[in-house]
Amino acid sequence: QVQLAESGGGLVQAGDSLRLSCKASGRAFSTYAMGWFRQAPGKEREFVAAVTKTALSSSYADSMKGRATISRDNAKNMVYLQMNSVNDEDTAVYYCAARNSPYSDGVMNDYDYWGQGTQVTVSS
């Protein structure tokens, strides 16, 4: 069992940078692949980024390539999402998710545990 708690959201200006954090509690965090997803008002939840358990490989949604970096610190049970040059399309609730597998992907149903989400609002 893994409990996830996101933080770092808030109101930011278009063009700003933002770092989201996710703290995991429970056992064996380092055995889970981790992902970030987001859900904008009136839209379905979508994939943002994911990282393997070892952090040797990561993947990104096309909309985030070149603007986002996912990272993790297994010693601290933390995963991060650094976003740069945010725009109003980045406004959403951002969710951290854990997959009981060494391999990460962008398929929402592959993830076993979810946080409550953190709101990011971009003001233009």
Is there a path of hydrophobic side-chain contacts, each under 4.5 Å between heavy atoms of I/L/V/M/F/W/Y residues, joining [Y] to [X]?
X: Val51; Y: Phe47; value: no
X: Leu81; Y: Trp114; value: no
X: Val48; Y: Tyr113; value: yes

Would you name the heavy atoms of [X] and [Y] that are closest together and state the gap between them?
X: Ala98; Y: Tyr32; result: CB-CD2, 4.0 Å
X: Tyr111; Y: Ala33; result: CE2-O, 4.3 Å
X: Asn84; Y: Ser17; result: OD1-OG, 3.0 Å
X: Lys43; Y: Gln39; result: O-NE2, 3.1 Å
X: Phe29; Y: Asp73; result: CE2-O, 4.2 Å
X: Met34; Y: Leu4; result: CE-CD2, 3.9 Å

Quick one: salt bridge (Lys or Arg N to Asp or Glu O under 4.0 Å) partners of Arg67, sequence neighbours excluded? Asp90
With rounding to the nearest 0.5 angstrom, report the [atom1] to [atom2] distance, [X] to [Y].
X: Leu11; Y: Ser123; atom1: CG; atom2: OG; result: 5.5 Å
X: Met83; Y: Arg38; atom1: CE; atom2: CZ; result: 7.5 Å
X: Ser7; Y: Tyr80; atom1: OG; atom2: OH; result: 9.0 Å
X: Thr52; Y: Tyr103; atom1: OG1; atom2: OH; result: 9.5 Å
X: Ser104; Y: Arg99; atom1: OG; atom2: CZ; result: 7.5 Å
X: Tyr95; Y: Glu6; atom1: OH; atom2: CD; result: 8.0 Å

For residues [X] and [Y], determine if any side-chain heavy atom of one lies less than 4.5 Å from a side-chain heavy atom of the other.
X: Asp110; Y: Met108; result: no
X: Val120; Y: Leu20; result: yes
X: Val79; Y: Cys96; result: yes
X: Trp36; Y: Ile70; result: yes

Backbone N/O of Asn100 and side chain of Lys53: donor-acceptor pair under 3.5 Å: no
Check for a donor-acceptor pair, side chain of Ser124 on one end and backbone N or O of Ala14 on the other, with a separation under 3.5 Å. no
Gln116 CD: over 12 foreign heavy atoms closer than 6.0 Å: no
Please confirm whether Arg45 makes a cation-pi placement over Phe37, using NZ or CZ under 6.0 Å from the six-membered ring centre and within 45° of the ring normal. no
